Structure formats: structure tokens, C-alpha cells
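Below is one structure, written out as C-alpha cells; comments come after it.
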Amino acid sequence: MTSQGATRQPKYQRIADALRKSIQAGEYGPGDRLPGENDLMAAYEVARMTARQALGVLQNEGLAEARKGAGVFVRAFRPLRRRGLQRLAQEQWGSGRSIWSTDSEDRELVVDQIDVREEEADDRVCDALGITPGTQVWARSRRFVLDGKPVLFATSYLPSDIVADSPITQRETGPGGTYARLAELGHGPVHFREEIRSRMPSADEADRLSLATGTPVIRIVRTAFAEDGRAVEVNEMTLDSASYVLEYDFDA
């Protein structure tokens with residue numbers, strides 16, 4: 001007997017559920033083509049729009065991706081596990097390792113679209129860094145590409161009076177990255193705060209991250225504080241939500 005809740009479930013959702021179970025059971029593996037709209041129309045006796053909606057559900061969940069002119073395929077990309085606490089530990093960047101190596105492990109990570117510039121801080125950055133309007137900051141923008149897929153775009157802002165004439169103002173900051181250089185300048189971070197939210201991407205973000213239609217992004221804004229309580233960096237990160245698992249491991 002069909003439950004009342006199941007009866008009310010839209011047809012496209014029932015089809016999506018069936019396809020999802022098939023993926024989870026291994027009937028369709030990474031990179032495999034899923035049944036097309038015509039196949040679903042025939043198998044479930046539904047309209048094309050219903051079949052299209054069902055495939056759209058799987059794309060929105062990050063389980064599948066559309067390839068123009070070829071169909072819809074099970075995503076072959078293995079999500080990154082972003083370990084929120086371990087990656088920021090001083091023993092990580094203090095020993096000369098990039099904090100991003102915690103996420104990428106042994107996979108191929110490429111950083112491109114690097115742009116380093118000095119500019120006047122806008123109100124948002126001024127509030128985050130606790131500086132007065134009009135203050136100059138150094139901005140570092142870059143995109144992270146893992147296994148050939150863009151996964152994250154980030155821009156860091158640092159007060160000019162701290163980082164001027166340091167390697168932080170260059171494309172390559174050296175072993176340990178920005179935080180190791182801040183420590184050398186006497187402003188090493190000892191405390192971090194992250195704010196996380198999810199939303200739909202702007203057109204520019206969708207283009208930079210090569211996002212499939214309907215894929216939301218995760219927005220993480222991290223502020224780093226030195227021993228004296230001063231904010232020494234604010235980093236605005238935009239992540240492809242289908243490419244990440246956010247992991248936080250802490251004691252009770």
C-alpha cells in the first residue's frame with residue numbers, strides 16, 4: 001500500500017529518487033551516462049519536462065553533471081574534505097606547509113588567476129579589519145583548481161602598514177604562505193573566526209568556478225587575529241558546494 005506522503009510526492013522527485021538509489025548502489029558509476037530525457041519519458045510514461053526536472057534534481061545535488069550535446073553523467077570528481085581546524089594549526093603553516101595541502105592531500109592542485117594589488121579598503125573590509133575608511137590594504141586574489149576542476153576562488157585583504165614591502169605583496173609568498181610571513185613580521189595569527197553561509201552564485205562566480213546550472217556556492221569569510229587582538233587578514237572564499245565536504249573535529 002502506498003503511503004499518503006509518497007502519493008503526494010511529485011513524479012520528477014520519484015524518478016530522481018530511483019536514479020539516486022541506482023547511483024548509490026553502483027549501477028551507475030563515476031563518469032557513466034544516466035538515462036536521457038527520452039529514456040525516462042518512455043520508462044516512466046511522463047512528459048519531457050518531468051524527465052528534465054528529475055535529472056535537474058541530481059545535478060543540483062552535485063551527483064550528476066550535464067555535458068553539452070552528450071547528456072547527463074554521474075560526477076566523477078571526488079569531493080575535497082576541508083578540515084576546518086587542522087588546516088589552520090600553526091604546526092601546519094609554521095613548518096612551511098601550505099594550509100591547502102591539508103585539503104588536497106596527494107592530488108594535483110594548481111593555483112591560477114593570481115592577482116596581487118594595493119587598493120583602498122571598502123566598508124566591508126574596513127569593518128572586518130577594524131580600520132578606518134580609506135585605509136590602504138593589499139589584496140591577494142587566486143583560484144584553486146584541483147584535478148583540472150576549479151573548486152575555490154579566494155581574496156585575502158591585509159593592512160598595508162603591516163605587509164608593505166614583504167613577500168606577501170608578491171605573487172609567491174614562500175613556504176608556509178601568508179601566515180608564515182605574518183609571523184616573521186611579528187603579527188602571526190593566533191586566533192581565527194570563520195563565518196559560513198550558502199547561496200546561489202553570481203554570474204562571475206559561476207564562470208570562474210565553471211559551475212553546473214543550479215549549483216550553489218559556499219561562502220566562507222575567515223578573519224585572522226594576532227596576539228594583540230588585531231585583525232591581520234580577512235579572507236573571502238567562494239567554494240563550489242558540490243566539490244567540498246566541510247569537516248570540523250573537536251572535543252566535547
Side-chain angles (χ1 to χ4, degrees), residues 16 52-53 55-70 72-73 75-82 84 87-88 99-100 103-104 109-131 133-159 168 171 177-178 192-224 231 233-248:
R52 186 172 300 167
Q53 286 178 301
L55 293 170
V57 168
L58 301 181
Q59 293 175 65
N60 291 343
E61 292 176 352
L63 289 175
E65 59 184 359
R67 299 178 189 172
K68 192 171 183 179
V72 177
F73 295 77
R75 280 178 64 107
F77 184 81
R78 177 164 54 94
L80 279 162
R81 189 166 293 276
R82 184 183 188 273
R87 67 197 307 274
L88 294 175
I99 64 174
W100 304 103
D103 301 340
S104 60
L109 177 67
V110 175
V111 182
D112 66 7
Q113 298 187 8
I114 301 173
D115 180 29
V116 184
R117 63 199 180 274
E118 189 174 28
E119 63 186 31
E120 186 176 299
D122 61 21
D123 291 343
R124 184 186 72 262
V125 173
C126 286
D127 288 343
L129 292 177
I131 56 180
T135 299
Q136 293 292 112
V137 295
W138 277 90
R140 298 183 53 84
S141 298
R142 59 272 189 215
R143 186 179 69 163
F144 294 82
V145 182
L146 188 74
D147 295 341
K149 185 190 184 310
V151 295
L152 179 148
F153 182 79
T155 302
S156 297
Y157 301 91
L158 304 102
I168 291 174
R171 284 174 59 90
T178 296
F192 298 93
R193 179 179 65 228
E194 288 192 343
E195 299 175 0
I196 303 173
R197 68 188 183 100
S198 182
R199 58 169 171 76
M200 297 307 296
S202 66
D204 179 63
E205 290 168 340
D207 181 62
R208 284 180 181 271
L209 295 175
S210 302
L211 297 176
T213 301
T215 303
V217 293
I218 300 171
R219 180 74 163 175
I220 300 178
V221 178
R222 180 175 68 237
T223 307
E233 181 218 32
V234 59
N235 189 351
E236 299 177 339
M237 295 164 276
T238 304
L239 292 66
D240 171 9
S241 64
S243 296
Y244 274 90
V245 173
L246 304 185
E247 178 181 299
Y248 294 90

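Model, not experiment: these values are computed from the prediction. Positions are given from 1 along the sequence.
From L146, atom CG reaches atom CG of L109 across 6.0 Å, with rounding to the nearest 0.5 Å. Here the CZ atom belonging to R117 is positioned 6.0 Å from the OG1 atom belonging to T155, to the nearest 0.5 angstrom. One distance of note links CD of E233 with CH2 of W138; it measures 15.5 Å at 0.5 Å rounding. In this structure, L152 CG and I220 CD1 are separated by 7.5 Å, a value rounded to the nearest 0.5 Å. Summarising the geometry, atom CZ belonging to R140 is positioned 10.5 Å from atom CG belonging to N235; distances are rounded to the nearest 0.5 Å.
The two residues L246 and L239 have their closest heavy-atom pair at CD2-CD2, 4.4 Å. For G134 against C126, the heavy-atom pair with the smallest separation is N-SG, 4.5 Å. The two atoms that bring Y157 and R124 nearest to each other are OH-NH2, 3.9 Å, heavy atoms only. For F153 against L209, the heavy-atom pair with the smallest separation is N-CD2, 4.0 Å. Heavy atoms only, all atoms of each residue included: R67 and F73 are closest at CD-CD1, 3.5 Å. V151 approaches Y244 most closely through the heavy-atom pair O-CE1, 3.5 Å.
Using a distance-only test at 3.5 Å, with no hydrogens or angles considered, a donor-acceptor pair links the side chain of R143 to the main chain of R208. Between the side chain of S198 and the backbone N or O of V217, at least one donor-acceptor pair lies under 3.5 Å. Listed for the R199 side chain is no donor-acceptor partner under 3.5 Å among the backbone atoms of R219.
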Open item on the list: Using side chain to side chain contact (heavy atoms under 4.5 Å, CB included), reason through R142 and D115 one step at a time and then give a plain yes or no.
Closed with: CA-CA 6 Å; R142 59 272 189 215; D115 180 29; over 6 Å; no
- [ ] Report the C-alpha distance between T135 and L129 in whole Å, list the side-chain angles of each, state the deciding distance to 0.1 Å, and finish with yes or no for side chain to side chain contact (heavy atoms under 4.5 Å, CB included).
- [x] CA-CA 10 Å; T135 299; L129 292 177; over 6 Å; no
- [ ] Under the side-chain hydrogen bond (donor to acceptor under 3.5 Å, both in side chains) rule, what do R222 and S156 come out as? Steps first, then yes or no, please.
- [x] CA-CA 9 Å; R222 180 175 68 237; S156 297; over 6 Å; no
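A 4.5 Å side-chain heavy-atom check between V221 and M237 finds every atom pair outside the cut-off. Using a 4.5 Å heavy-atom threshold, the side chains of T215 and S241 count as touching. S141 places none of its side-chain heavy atoms less than 4.5 Å from the side chain of E236. Using a 4.5 Å heavy-atom cutoff, the side chains of E120 and Q136 are in contact. In this structure the side chain of D240 never reaches within 4.5 angstrom of the side chain of P150, judged on heavy atoms. For the pair L58/V72, no side-chain contact is recorded, criterion being any heavy-atom separation below 4.5 Å from C-beta on.
Counting non-hydrogen atoms of neighbouring residues, nucleotides and ligands closer than 6.0 angstrom, the CG atom of D123 reaches no more than 12 such neighbours.
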